[in-house]
Amino acid sequence: MNLADRNFFKQNATELAPKLLGMTLCHVNSKGLRKTGIIVETEAYMPDDPACHASRGKTKRTLPMFEEGGMSYVYLIYGMYYCFNIVSGEKDSGQAVLIRALEIPDHSHAKEAAGPGKLCRYLEITKEQNGILLAKENNLWLENSVKLQPFEIISAPRIGISAGKEKLWRFYIKNNNSVSKK
DNA sequence: GAAATGATTGCC
DNA sequence: GCAATCATTTCT
């Protein structure tokens with residue numbers, strides 16, 4: 001992907017979510033240490049979807065979801081874990097893709113990012129990274145993965161929600177060990 | 001102002 | 001099976 005091409009993020013979350021699979025998410029933490037992982041599991045959240053935080057209008061928390069596609073949306077869940085989302089679509093539409101799991105290139109850290117809370121802990125993503133544009137100069141960005149084998153995409157119901165369970169808006173790489181749930 | 005809730009995780 | 005733990009939301 002061309003990093004300058006912000007239009008990539010302007011498609012709907014349901015279209016973007018499967019396309020993010022296989023891409024590498026990169027973060028440079030406060031100590032200047034770079035942590036990366038290949039995205040292997042995502043979920044789409046749309047404006048008219050009861051499970052989506054933005055479905056009942058703008059609030060202080062969901063403000064980044066109403067910015068243009070390509071922003072980050074990070075929030076605290078259950079008082080102890082952060083979840084990282086990539087905002088999608090046009091400005092003011094209120095949609096995003098939750099990143100649920102990463103495959104870590106360094107084998108000694110296998111499975112440490114297999115889950116939305118775990119990957120934020122591993123990459124050291126906190127609310128400090130909320131509402132920033134994904135770009136290398138912001139220390140948080142996406143890259144195409146090198147030497148990636150072809151893979152098959154599975155779509156399945158989303159995890160941990162009470163409404164909208166019927167929608168198959170979770171996408172993951174088939175047979176990948178770092179996916180959080182089968 | 002008070003109460004409920006949650007896009008999770010790990011331990012019992 | 002369920003406790004941990006707290007910012008935000010949704011009631012009074």
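Residue numbers begin at 1 in each chain, while the letters A, B, ... track the order of the sequences. Quick caveat: nothing in here was measured; it's all calculated off a predicted structure.
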- Separation between OH (A:Tyr172) and CD (A:Glu152), nearest 0.5 Å, reads 10.5 Å
- Query: Once you round it to whole Å, what is the distance between C1' of B:dA7 and CE of A:Met46?
  - Reply: 16 Å
- Task: Could you tell me whether A:Arg170 contacts a base, only the sugar-phosphate backbone, or nothing, with contacts defined as non-hydrogen atoms closer than 4.0 Å?
- Result: nothing
- Task: Specify the separation, in whole Å, of atom CG of A:Leu20 and atom P of B:dA7.
- Result: 20 Å
- Distance between the C1' atoms of B:dT8 and C:dT10, in whole angstroms? 22 Å
- Geometric class of the A:Tyr75/A:His53 ring pair [parallel <30°, tilted 30-60°, perpendicular >60°]: perpendicular
- Task: Could you tell me the separation between the CE atom of A:Met80 and the C1' atom of B:dA7, rounded to a whole number of Å?
- Result: 16 Å
- Query: Could you give the OH-to-C1' distance, from A:Tyr78 to C:dC6, as a whole number of Å?
  - Reply: 13 Å
- Task: For A:Ile159, report the nucleic acid contact type (base, sugar-phosphate, nothing); a contact means any heavy atom under 4.0 Å.
- Result: sugar-phosphate
- Nearest-Å distance for atom pair OH/P, residues A:Tyr82 and C:dC6: 10 Å
- Message: Whole angstroms only, please: what is the CG-C1' distance between A:Asn130 and C:dT8?
- Response: 13 Å
- Output for pair (A:Lys35 NZ, A:His109 NE2), nearest 0.5 Å, gives 7.0 Å
- Query: Hey, are A:Asp106 and A:Ser108 close enough side-chain-wise for a donor-acceptor pair under 3.5 Å?
  - Reply: yes
- Query: Rounding to a whole Å, what distance do you find between A:Arg121:CZ and B:dT9:P?
  - Reply: 8 Å
- Message: Could you tell me how far apart A:Tyr81 (OH) and C:dT5 (P) are, to the nearest whole angstrom?
- Response: 10 Å
- Task: Among A:Val87, A:Leu63, A:Ile86, find the residue that satisfies the side chain to side chain contact (heavy atoms under 4.5 Å, CB included) test when tested with A:Met71.
- Result: A:Val87
- Query: How would you label the contact of A:Gly79 with the nucleic acid (heavy atoms, under 4.0 Å): base, sugar-phosphate, or nothing?
  - Reply: base
- Query: So, is A:Lys118 close to the B:dG10 phosphate, meaning a side-chain N or O under 4.0 Å from OP1 or OP2?
  - Reply: yes
- Item | Test item: side-chain donor near acceptor, A:Glu103 and A:Asn177, under 3.5 Å | no
- Item | Distance-only donor-acceptor test, A:Tyr75 side-chain atoms vs C:dA7 base atoms, 3.5 Å | no
- Message: Let me check I have this right: for DNA chain B, each base becomes ., (, ), [, ] or |, based on Watson-Crick or G-U pairs with both distances under 3.5 Å. What is the full string?
- Response: ||||||.||||.
- Task: Please determine which of A:Arg158, A:Lys167, A:Arg56, A:Lys165 meets the salt bridge (Lys or Arg N to Asp or Glu O under 4.0 Å) test together with A:Asp49.
- Result: A:Arg158
- Query: So which of A:Arg6, A:Lys91, A:Lys10 actually passes salt bridge (Lys or Arg N to Asp or Glu O under 4.0 Å) with A:Glu68?
  - Reply: A:Lys10
- Item | Of the listed nucleotides C:dA7, B:dT8, B:dT9, the one nearest the side chain of A:Ile77 | B:dT8
- Note on the structure: To the nearest 0.5 Å, atom CD of A:Glu41 lies from atom CD1 of A:Ile153 at 12.5 Å
- Item | Members of residues 48-72 of chain A that approach DNA chain B, where some heavy atom sits under 4.0 Å away | A:Ala51, A:His53, A:Met65
- Applying the 4.5 Å side-chain criterion to the ILVMFWY set and letting contacts propagate, would A:Met65 and A:Ile132 be lumped into a single cluster? no
